Undergrad: 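What follows is a structure written as structure tokens; I'll ask about it next.
Ligands are counted one by one from 1 in listed order, and the atoms in each one are counted from 1 as well. Just so we're clear, the structure is a prediction, and the values are computed from it rather than from any experiment.
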Amino acid sequence: MPEHLISIADLEEGQLESILELAQELDARPQAHRDALRGRSIGLYFEKSSTRTRVSFGAGMAQLGGQPIFLSSRDLQIGRGETIADTARVLSRYVNLIMLRTFEHRTVVEMAEHATVPVINGLTDELHPCQALADLMTVRQEFGGLRGRRIAYIGDGNNVAHSLMIACARAGVDFSIASPPGYEVAGKYLDLAGELAAGTGAGIETGTDPRAAAAGADAVYSDVWTSMGQEQEREQRLADFDGYTVDDDLMSRASDDAIYLHCLPCHRGEEVTASVVDGPRSRVFDQAENRMHTQKAVMLRLLDRA
Ligand code: CP
Ligand code: NVA
């Protein structure tokens, strides 16, 4: 395993597969692992709001016998100017793992550079690797495997899209994304996905047409049009993303047994209709549950306890 989980690209293909295997085992037999992290703790630091990341890490650590410690940027001395580097060094003397959710990606990188315990990226403006693990677990659960499947992502080329694209490339899953002009995935992550895909045979396609992206896909995925920190762009984005709503018509273009995914929280009537997210093809709450199983697997692996 890598020392930290900052990006899915930190994981080799076998390591990614093995985390998903372990997550499945943790889902099936949680009691068998209830003492695995007894006496250990994780610091959970948030600059942004969170429901799933906060509670799934907290409950997951408790289920493994360990202790979560919730930290917010408002409470820590970081808010009064203490450096990330000093905070990393100090937290490392108290806790066994650090998870953080930040605006700037380099804050997480800096924490990892100075921490002497494993650091987990719980979302930055650029990446959301923990989400992508749960996404792949959900597809794997549904179809019994990943290879040869295709995920279509409709909307903003954001943190969730970046990590999902990288995860698909790493796992050998085909990925097609349709984004409005100006909202494409970042070139550096597209290049990275291309390099990883060359090793696994995954097909990575970008474009602007949601119908073309969704055609024949096994899973259709959307995320909010306005991410945390972009609230002042909301009106412009509502206009720019017109036509990118995942609705029943778009789902009908996917494969007959296609599922719908969303990292949540969602906005019904914007990136997805209520009929889709609340409909029979939606797996969004299984996906949310899988955050916990996959993150338990990550914590165990980073601490070399499973
Ligand atoms: N999907 C996700 O990360 O949710 P939260 O923002 O609630 O943690
Ligand atoms: N793209 C969203 C994901 C939230 C889990 C955001 O960054 O706000």
Side-chain angles (χ1 to χ4, degrees), residues 5-8 23 42-61 68 70-73 98-108 120-139 151 153-167 177-180 182-186 189 219 221-234 236-238 240-241 244-246 260-268 270-272 277 282-296 298-299:
L5 181 61
I6 308 296
S7 165
I8 292 291
I42 184 167
L44 301 169
Y45 171 74
F46 292 92
E47 289 180 1
K48 295 172 172 171
S49 303
S50 170
T51 297
R52 279 141 290 271
T53 305
R54 180 184 169 93
V55 182
S56 58
F57 266 108
M61 189 49 146
F70 295 102
L71 312 163
S72 100
S73 50
I98 299 169
M99 191 282 326
L100 69 168
R101 165 170 289 196
T102 63
F103 287 93
E104 290 186 30
H105 186 70
R106 68 183 159 87
T107 306
V108 172
I120 302 170
N121 177 358
L123 179 144
T124 68
D125 285 348
E126 296 185 23
L127 295 175
H128 197 0
C130 293
Q131 182 64 51
L133 291 174
D135 302 341
L136 289 188
M137 179 177 178
T138 311
V139 172
I151 300 177
Y153 179 101
I154 312 299
D156 193 15
N158 61 14
N159 42 13
V160 167
H162 288 153
S163 284
L164 183 62
M165 175 174 68
I166 294 166
I177 180 167
S179 309
Y183 295 96
E184 299 90 352
V185 287
Y189 292 123
Y221 197 122
S222 59
D223 183 18
V224 292
W225 293 340
T226 304
S227 286
M228 290 181 277
Q230 300 170 334
E231 290 76 8
Q232 73 290 353
E233 299 172 20
R234 182 172 154 73
Q236 184 65 49
R237 284 171 170 268
L238 278 174
D240 292 344
F241 283 87
Y244 285 79
T245 303
V246 176
Y260 173 73
L261 299 174
H262 191 305
C263 58
L264 301 179
C266 70
H267 292 87
R268 291 172 176 80
E270 293 183 22
E271 74 276 7
V272 62
V277 73
S282 176
R283 298 291 180 273
V284 299
F285 297 111
D286 297 322
Q287 192 184 354
E289 178 186 325
N290 288 339
R291 291 291 305 276
M292 187 170 70
H293 305 310
T294 47
Q295 290 160 193
K296 285 169 73 176
V298 167
M299 291 190 283

Undergrad: Please report the interatomic distance NE2(His262) to CG(Asp135), rounded to the nearest 0.5 Å.
TA: 11.0 Å
Undergrad: Can you see whether Ser222 engages Tyr244 through a side-chain donor-acceptor pair at a distance of less than 3.5 angstrom?
TA: no
Undergrad: Which ligand 1 atoms does Cys263 reach within 4.0 Å, using its non-hydrogen atoms?
TA: 1 (N)
Undergrad: Can you confirm whether the side chains of Asn159 and Asp125 place a donor and an acceptor under 3.5 Å from each other?
TA: no
Undergrad: Does Arg54, backbone or side chain, put an N or O under 3.5 Å from an N or O of ligand 1?
TA: no
Undergrad: Can you name the atoms of ligand 1, numbered from 1 with element, that are less than 4.0 Å from a heavy atom of Thr51?
TA: 5 (P), 7 (O), 8 (O)
Undergrad: Using non-hydrogen atoms of the residue, decide whether Lys48 is closer than 4.0 angstrom to ligand 1.
TA: no
Undergrad: Identify the protein heavy atom lying closest to atom 4 (O) of ligand 1, giving its residue, its atom name and the separation to 0.1 Å.
TA: Arg52 NE, 2.8 Å
Undergrad: For atom 2 (C) of ligand 1, find the nearest protein heavy atom and state the residue, atom name and distance (0.1 Å precision).
TA: Arg291 NH1, 3.3 Å
Undergrad: Should the ring pair Phe241 and Tyr183 be called parallel, tilted or perpendicular, given that the plane angle runs from 0 to 90° and is split at 30 and 60?
TA: tilted
Undergrad: Check Thr294 against Cys130 and note the closest heavy-atom contact, atom names and distance.
TA: OG1-O, 4.4 Å
Undergrad: How far is atom 8 (O) of ligand 2 from its nearest protein heavy atom, and which residue and atom name does that atom have?
TA: Met228 N, 2.8 Å
Undergrad: Please indicate whether any nitrogen or oxygen in Leu264 is less than 3.5 Å from any nitrogen or oxygen in ligand 1.
TA: yes
Undergrad: For ligand 2, indicate whether the residue Asn159 contacts it via side chain, backbone, both or neither (heavy-atom separation under 4.0 Å).
TA: side chain
Undergrad: Hey, are Glu231 and Arg237 close enough for a salt bridge, meaning a charged N less than 4.0 Å from a carboxylate O?
TA: no
Undergrad: Establish, yes or no, whether the cationic atom of Arg101 lies under 6.0 Å from the six-membered ring centre of Tyr45 and within 45° of the ring axis.
TA: no
Undergrad: Could you tell me whether Ser227 and ligand 2 have an N or O pair separated by under 3.5 Å?
TA: yes
Undergrad: So, Gln295 versus Arg291: side-chain donor-acceptor pair below 3.5 Å or not?
TA: yes
Undergrad: If we ignore angles and hydrogens, is there a donor and acceptor under 3.5 Å between the side chains of Thr138 and Asn290?
TA: yes
Undergrad: Checking the N or O distance criterion of under 3.5 Å, is ligand 2 in contact with Asp223?
TA: yes
Undergrad: Considering non-hydrogen atoms of the protein only, which is the closest contact for atom 6 (O) of ligand 1, and what is the distance?
TA: Arg101 NH1, 2.8 Å
Undergrad: Which of the numbered atoms in ligand 1 are below 4.0 angstrom from a heavy atom of His128?
TA: 2 (C), 3 (O)
